[in-house]
Amino acid sequence: MAEGLTPRGQDFSRWYNEVVRKAQLADYAPVRGCMVIRPYGYALWENIREELDERFKETGHENAYFPLFIPISFLEKEAEHVEGFSPELAVVTHGGGKELEESLAVRPTSEAVIGPMYARWIQSYRDLPVLINQWANVVRWEMRPRLFLRTTEFLWQEGHTAHATRREAEAEIQRMLDVYADFAENMAAIPVFKGRKSKRETFPGAAATYSIEAMMGDGRALQAATSHDFGQDFARAFDITFQDADGELRHCWTTSWGLSTRFIGAIVMVHGDDRGLILPPRLAPIQVVIVPIWKDEEARSAVLEAVRKIEAELDGLSVKVDDRENFTPGYKFNEWELRGAPLRIEIGPRDVAARQAVLARRDVPGREGKEIVPLDNLSDEVRRTLDAIQQALYQRAQQFRDSRTAEPEDYAAFTDAVAEGFARAWWCGGAACEQKVKDETTATIRCIPFEQPAAGGKCIVCGKSAEQQVIFARAY
RNA sequence: CGGGGCGUAGCGCAGCCUGGCUUAGCGCGCGUGCUUUGGGAGCACGAGGUCCCGGGUUCGAAUCCCGGCGCCCCGACCA
């Protein structure tokens, strides 16, 4: 157990806060709701960004950058959009020492500034599709901020695309949702449910919102990424039209999709344990930490020489040698466990003499997670172990999620289920039933999963016939 | 915006109720030196403070009173 870390089971949200800060992912900033992402946390974000960016490029997207400030009148062009976001807008009223003629919103999202540009750039079906992504910061004035999960300013990427046909736009929405799900599962080792949002949970102004939903270590749900179908609504609001091959002037079909620094919160809450953070090897800023051990000067040079060789053999991996002289090995073990480095190599005089090293897996704490490996096949063993950790984290997360996902038969079992985790239940589609659940249990519909049983059932709330099963859970 | 809690050294806190016993203290961390180093090392010396801000009461305020500001936690809103 890490010194001074609140156990996860005792107070999960306190545990989360302590891990984020003690692992040096982030810290509070002077302005309420804002945070500083520290180098270690930012390195994690950079890894997320690189991986996603590559996938966006592979699916034909280009990066661009749109401005931070949006004239208020632009936001007002789409009624539901402005209504949804106005409570959380930061607005600039002065510039250059003078009151502005028109106030500027600090973007809460960029549809309203990108739309008018697309209107200008798109004339013909030959200009379509437009497939643009931007990496940016956005600001939403939140009532209750939490590090990474809900901060006033956060970093994200937002893809914005325009298409000639509904079918093409819908394919885009699904494609990007698949990209996110693949990324979450294969890189972050986080299993997710893919599905559509209920009307109540749909992005302001969107015709439909899709998301990937993950279960955190306390059984609550977190929306890890979203993909929105705007139909032709935003195109109408911003006058994004094109002349089709048949000569007709039509409105584009537009989409947007995003993943934010909130995802880091998901990684922390899915994999962490009472010792601290556990980072999935494929995203960890430091995949392997080497802790050299020595007693005297002679041992020190022998050990360090062996360490340099190991470091060279681990080429291609992100390796950190912790050769700080003012900390004991035991201290370093604990610190790197707190900071979530997936794999640790311990090597001292005894190991050097025996031409071996000790591998310690972060996902298996204590003695069971340690393995003595001959130096000759250390490199292979390290790579193999990192893969094994990646797989083990995914499997553990999936087993946990499955064990806390119930299919309750009646309302009493349902309320028990959402107190602990996910409840997969039939829903008639009525907003009243959705609201009742929220009022009585605080759980909401996280998504309507794509995968549905063949036959229908009865609504868990009102008992009327229902065509769809949905996932209810308390959410972040 | 409601309900609760807290502002004292870099961090975590004690002192406040019952004003003076403190030159404002303790633990961790930090600096220097020596001894240490296979699961959070030991000793010695040392540096570090507008006691959140402003006013008031008093011979005297970290402590009592009034006003402000800020932060955290719990609810309503949310990626």
Next item on the list: Could you work out the separation of B:rG7 and B:rG15 based on their C1' atoms and round it to a whole Å?
Entry: 15 Å

Notebook entry, point to check: Roughly how far apart, to the nearest Å, are B:rG27 and B:rA44 at atom P?
Noted result: 11 Å

Checklist line | Any donor-acceptor pair under 3.5 Å from A:Y28 side chain to A:V36 backbone | finding: no

Notebook entry, point to check: With both distances kept under 3.5 Å, what pairs with B:rC64, Watson-Crick or G-U wobble?
Noted result: B:rG56

Item checked: Rounded interatomic separation in angstrom, taking CG from A:D296 and C1' from B:rU35 -> 14 Å

Note to self: If I take atom CD in residue A:E18 and atom P in nucleotide B:rC11, what distance separates them, rounded to the nearest angstrom?
What the structure shows: 16 Å

Item checked: Any donor-acceptor pair under 3.5 Å from A:R474 side chain to A:A443 backbone -> no

Margin query: Heavy atoms only, 4.0 Å cut-off, all strands: where does A:E325 land among base, sugar-phosphate and nothing?
Written below: nothing

Note to self: Tell me if the side-chain of A:E335 makes a donor-acceptor pair with the base of B:rG40, cut-off 3.5 Å, by modelled atom types.
What the structure shows: no

Check: If the C1' atom of B:rC28 is compared with that of B:rG55, how far apart are they to the nearest Å?
Finding: 37 Å

Notebook entry, point to check: Are any of the side-chain nitrogens in A:R300 or A:E325 under 4.0 Å away from the carboxylate oxygens of its partner?
Noted result: yes

Notebook entry, point to check: Looking at A:N17, does any N or O in its side chain come under 4.0 Å of the phosphate oxygens OP1/OP2 on B:rC73?
Noted result: yes

Next item on the list: Using whole Å, report how far CD1 of A:I293 lies from C1' of B:rA41.
Entry: 14 Å

Check: How close or far is atom P of B:rG29 from atom NZ of A:K22, stated in whole angstroms?
Finding: 13 Å

Next item on the list: Return the residues of residues 339-358 of chain A meeting this criterion: a heavy atom under 4.0 Å from some atom of RNA chain B. Order them by number, or give none.
Entry: A:R344, A:G348, A:P349, A:R350, A:D351, A:V358

Checklist line | Distance between C1' atoms of B:rA14 and B:rC26 (Å, rounded) | finding: 7 Å

Margin query: Would you say the rings of A:F183 and A:F263 are close, in the sense that their centroids are separated by under 6.0 Å?
Written below: yes

Item checked: Integer angstrom distance from the P of B:rG3 to that of B:rG42 -> 47 Å

Item checked: B:rU50: pairing nucleotide in any strand, Watson-Crick or G-U under 3.5 angstrom -> none

Next item on the list: Using the C1' atom as the reference point in each nucleotide, state the distance between B:rC17 and B:rU23 in Å, no decimals.
Entry: 25 Å

Next item on the list: Please state whether the base of B:rG38 and the side chain of A:K332 form at least one donor-acceptor pair under 3.5 Å?
Entry: no

Next item on the list: Please determine if A:E172 and A:R175 form a salt bridge, counting it only when a charged side-chain N lies under 4.0 Å from a carboxylate O.
Entry: yes

Notebook entry, point to check: Is there a Watson-Crick or G-U wobble partner for B:rA44 with both distances under 3.5 Å, and if so, which one is it?
Noted result: B:rU32

Check: With distance as the sole test, does A:E18 use its side chain to make a donor-acceptor pair with the main-chain N or O of A:T6 at under 3.5 Å?
Finding: yes

Notebook entry, point to check: Paired with B:rC1: which nucleotide, if any, by Watson-Crick or G-U wobble criteria at under 3.5 Å for both distances?
Noted result: B:rG75

Check: Between A:W294 (CH2) and B:rG38 (P), how many Å, whole number?
Finding: 12 Å

Item checked: B:rA47 to B:rC1 separation - P atoms, rounded to the nearest Å -> 47 Å

Notebook entry, point to check: Does a donor on one side chain sit under 3.5 Å from an acceptor on the other, for A:E434 and A:S198?
Noted result: yes

Notebook entry, point to check: What string of B, S and - do you get for nucleotides 74-79 of chain B, 5' to 3', if B is base contact, S is sugar-phosphate-only contact and - is no contact with any protein heavy atom under 4.0 Å?
Noted result: SBBBBB

Notebook entry, point to check: Do A:E335 and A:R344 meet the salt-bridge criterion of a basic N to acidic O distance under 4.0 Å?
Noted result: no

Note to self: Using modelled atom types and a 3.5 Å cut-off, is there a donor and acceptor pairing between side-chain atoms of A:D416 and backbone atoms of A:A419?
What the structure shows: no

Note to self: Between P on B:rG38 and CZ on A:R300, what's the gap in Å once rounded to a whole number?
What the structure shows: 16 Å

Note to self: Which nucleotide, if any, forms a Watson-Crick or G-U wobble pair with B:rC6, using both distances under 3.5 Å?
What the structure shows: B:rG70

Checklist line | Same-atom distance (C1') from B:rG25 to B:rG68, integer angstrom | finding: 29 Å

Note to self: With a 4.0 Å cut-off on N to O distance, would you call A:E381 and A:R384 a salt bridge?
What the structure shows: yes

Checklist line | Watson-Crick or G-U wobble partner of B:rU37, both distances under 3.5 Å | finding: none

Next item on the list: For A:K197 and A:R446, indicate whether the former's side chain and the latter's backbone hold a donor-acceptor pair under 3.5 Å.
Entry: yes

Check: Whole Å only: how far is the CZ atom of A:R324 from the P atom of B:rC30?
Finding: 10 Å

Check: Quick one: A:L147 CG to B:rC73 C1', roughly how many Å, whole number?
Finding: 13 Å

Margin query: Donor-acceptor check, side chain of A:E78 to backbone of A:H81, threshold 3.5 angstrom: yes or no?
Written below: yes

Margin query: Between A:R21 and A:P365, which residue's closest nucleotide on RNA chain B lies nearer the 5′ terminus?
Written below: A:R21

Notebook entry, point to check: Given B:rA41, is OP1 or OP2 found less than 4.0 Å from the side-chain N or O atoms of A:T328?
Noted result: yes

